[in-house]
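Within every chain, numbering begins at 1; the chains are lettered A, B, ... in the order of the sequence lines, protein sequences first and strands thereafter.
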Amino acid sequence: MSANQLRPLDVLKGVRFTRELVLLCLLIVLVVVLGQMSPVFFTVGNLLNTSRFFVEVGLIALGMTLIIITGGIDLSVGAAMALVAVTVGLAHQSGVPMALALVLGLAVGLAAGLFNGLMITRLDLHPLVVTLGTFALFRGIALGVSGGGAVSSFPQWFEYFGQFYLGPVPGQLFVFIAAVTAVWLLLSRTPFGRYVYAIGNNEEAARFSGVPVRRVKVVLYTGIGVLVSMAAVIYTSRVSTSRADFGAGLELDVISAVVLGGASIYGGSGTIAGTVLGVVIIATLRNGLSLAGVETTWQVFLLGVLLIAAVFVNEFFRRREE
Amino acid sequence: MSGVGALRSVGLRTAPTTRGLRRWLLRPEAPAAVFLVVLLAAFSLAADRFLTPDNLESILVQVAVLGIIALAVNQVILAGEIDISVGSMLGLCAVAVGTVATATGGLLAPLAAGVATGVLAGAVNGLLVTLGRIPSIIVTLGMLYALRGVILLVTGGTWITQIPDETRVLGLAKLAGVSLPVFVMFALFLIVNAVSRNSTWGRDVFAVGGNRRAARLAGLAIDRTRLLAFALVGAFVGIAATIYVGRAGSVQTNAGEGLELQVIAAVVIGGTSIAGGRGSALAPVIGAVLIGVILNGMILVGVPGVWQSAVLGALILLAVTTDALRRRLVGGAA
């Protein structure tokens with residue numbers, strides 16, 4: 001019995017290892033192919049510059065990985081990002097000191113995530129329907145309070161969050177690396193991380209084993225709210241504007257990156273390394289296609305197909321293991 | 001479980017009239033119906049122009065496209081799946097309707113083209129979910145973006161204009177004083193209601209959504225049931241697209257953007273459970289009318305249009321919260 005249980009687990013470990021290897025190979029192929037399509041692509045400057053664009057998606061994808069591992073989903077991240085950006089912008093415009101405006105933005109992002117988490121756990125509602133509701137609610141509040149207008153006269157020092165370079169390396173890359181390390185440690189080295197996997201594998205069993213299921217979920221949804229706030233500040237600083245249409249369709253990039261990285265949409269499996277590779281692959285693809293002169297709508301089309309294909313391959317391999 | 005049993009036995013001991021009321025209140029669409037009546041009363045008091053036959057009919061005409069699609073998506077949700085690709089699907093069907101209409105004219109050929117395109121797209125969704133065994137949320141999220149890409153491929157980003165009048169009949173004409181879109185919506189409701197209550201497929205939808213494992217053990221054709229539901233969405237989107245093109249008179253490449261949210265909202269506000277297996281064919285119609293009344297009333301009362309999305313989101317959350325609390329209070333039955 002125990003031998004039988006051990007064997008598939010070992011196979012699973014082997015496959016996960018190769019999955020990340022496969023993703024890495026895919027990335028290398030992508031870089032080479034895109035390098036052929038545009039001479040600008042394959043320069044150190046451009047490759048480092050690409051990282052400026054994936055940090056926002058990447059930060060949110062870290063939180064989304066944990067949520068998807070528990071079997072949940074958060075569709076409201078793009079809308080929450082707009083809400084935070086508009087909060088920061090309007091607070092600054094109405095004369096609040098910039099530092100306080102940032103704190104306000106952080107509080108709004110945290111509150112948005114907490115709201116999702118409480119709705120899901122206290123009322124036993126499906127994350128899909130709650131976050132679909134808040135997807136409309138957050139975007140609507142952002143549109144309503146801003147009246148659709150933009151704020152763009154931010155103080156000079158605010159540019160540091162999104163436009164600072166240390167030599168050729170964009171500053172936000174350090175934020176991302178720190179966040180990746182922190183979430184990776186949390187997921188693979190702490191009891192909390194074990195709880196996340198336990199909930200995703202069998203929520204009922206986890207509850208009966210004494211895992212504080214509700215509290216873990218509230219922490220996860222609140223946590224992604226904080227990551228969304230960080231992404232919103234970096235994005236607002238990078239483009240020096242705050243508008244209510246920020247982050248439209250962001251959830252597609254984020255969810256695609258996470259499932260491309262190998263997390264099962266049914267919960268129970270997924271890794272931070274996989275997600276980071278997924279984020280980098282999608283960013284490379286987008287950057288390379290832009291440089292090659294492919295329209296944005298076509299990039300979105302490819303992302304949609306890529307999302308379906310990635311999940312198909314995931315589930316195909318998972319079934320074969322069983 | 002024991003709590004539910006206790007509540008049931010209390011229910012049996014109460015007087016017959018309260019029992020009838022109780023049974024009515026347990027119907028999935030009851031809270032939305034009550035809310036709709038309250039809203040109608042409130043808006044009538046707040047704005048003079050609200051409670052006029054013209055305004056009420058214009059609300060129904062405006063929600064016809066939404067209501068027709070919600071009727072079909074309701075079946076998908078009852079079967080325990082979800083379809084959030086309908087916004088782009090409407091755009092694609094509208095392109096098909098518009099292209100054929102400008103080429104051949106007439107009503108039947110464009111309608112057939114729209115329905116065929118919709119069924120094809122719906123079948124792709126259904127096959128990816130059943131044969132591909134990919135979760136419907138991922139399939140339809142991917143298709144939401146992929147189909148928008150197909151629209152741009154087909155149209156090259158240009159609008160389709162000068163739709164002939166005979167094609168626009170379904171959007172503009174009246175039959176016995178009732179606008180055709182309203183007529184089509186209620187006709188389709190009657191059909192879906194009858195099919196849902198009386199046909200094998202209609203019952204299977206509830207069984208598959210309520211408890212898939214039990215449905216499989218009972219020998220029901222789970223995949224065929226779900227595939228049919230997805231194809232039905234396509235067919236209804238095709239019909240709705242013909243109405244849409246008829247009303248608009250042109251097709252833009254962004255036609256139907258954001259519609260998926262309103263459709264899901266109509267279904268869950270109407271009282272169909274997002275978890276599947278519980279709801280009715282009446283729910284999406286009541287939900288769609290409720291959304292129409294609120295958006296119309298907001299404008300008459302003077303709320304700026306930018307708040308629409310926020311109100312829609314708040315409504316979805318209010319609806320699912322009500323549903324959750326109601327199930328907790330009266331037990332998980334029905």
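For a residue to count as touching a neighbouring chain, one of its non-hydrogen atoms must lie under 4.5 Å from one of that chain's; by this rule B:P304 does not touch chain A. Both the backbone and the side chain of B:L153 have a heavy atom closer than 4.5 Å to some heavy atom of chain A. Neither the backbone nor the side chain of B:R148 has a heavy atom closer than 4.5 Å to any heavy atom of chain A. A:L128 touches chain B through its side chain: at least one heavy atom from C-beta onward sits under 4.5 Å away, while N, CA, C and O do not. Using a 4.5 Å cut-off between heavy atoms, B:I138 touches chain A through backbone and side chain atoms alike. Contact annotation for B:A275: neither backbone nor side-chain heavy atoms come within less than 4.5 Å of a heavy atom of chain A. Neither the backbone nor the side chain of A:L306 has a heavy atom closer than 4.5 Å to any heavy atom of chain B. With a threshold of 4.5 angstrom between heavy atoms, B:V303 does not approach chain A through any atom at all. Within the 4.5 angstrom heavy-atom criterion, atoms from both the backbone and the side chain of A:I308 approach chain B.
Among the candidates A:V305, A:D124, A:V129, the residue making the largest number of heavy-atom pairs closer than 4.5 Å to chain B is A:V129. Most heavy-atom pairs under 4.5 Å with chain A, from the set B:A314, B:G149, B:A324, B:G313: that is B:G313.
To the nearest 0.5 Å, atom CD1 of residue B:I134 and atom CG of residue A:L307 are 9.0 Å apart. Of the inter-residue distances, the one linking A:D253 atom CG with B:Y145 atom OH reads 8.5 Å to the nearest 0.5 angstrom. A distance of 5.5 Å separates CG in A:L75 from CD1 in B:I137, rounded to the nearest 0.5 Å. Note that CZ of A:F115 is 5.0 Å distant from CG of B:L317, once rounded to the nearest 0.5 Å. One finds the CD atom of A:E251 at 7.5 Å from the CG atom of B:L141 (value rounded to the nearest 0.5 Å).
Proximity of A:L123 to B:T321: side-chain heavy atoms (C-beta onward) are separated by under 4.5 Å at one or more points.
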Report the C-alpha separation of A:F301 and B:I151 in whole Å, then their side-chain angles, then the decisive distance to 0.1 Å, and conclude whether the side-chain contact (heavy atoms from CB on, under 4.5 Å) test is met. CA-CA 10 Å; A:F301 170 77; B:I151 294 172; over 6 Å; no
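Scanning both residues, A:R122 and B:R328, for their nearest heavy atoms gives O-NH2, 3.1 Å. The shortest heavy-atom contact between A:G144 and B:V306 is CA-CG2, 3.9 Å.
Interface residues of residues 131-139 of chain A toward chain B, defined by a heavy-atom distance below 4.5 Å and sorted by number: A:L132, A:G133, A:T134, A:F135, A:A136, A:L137, A:R139.
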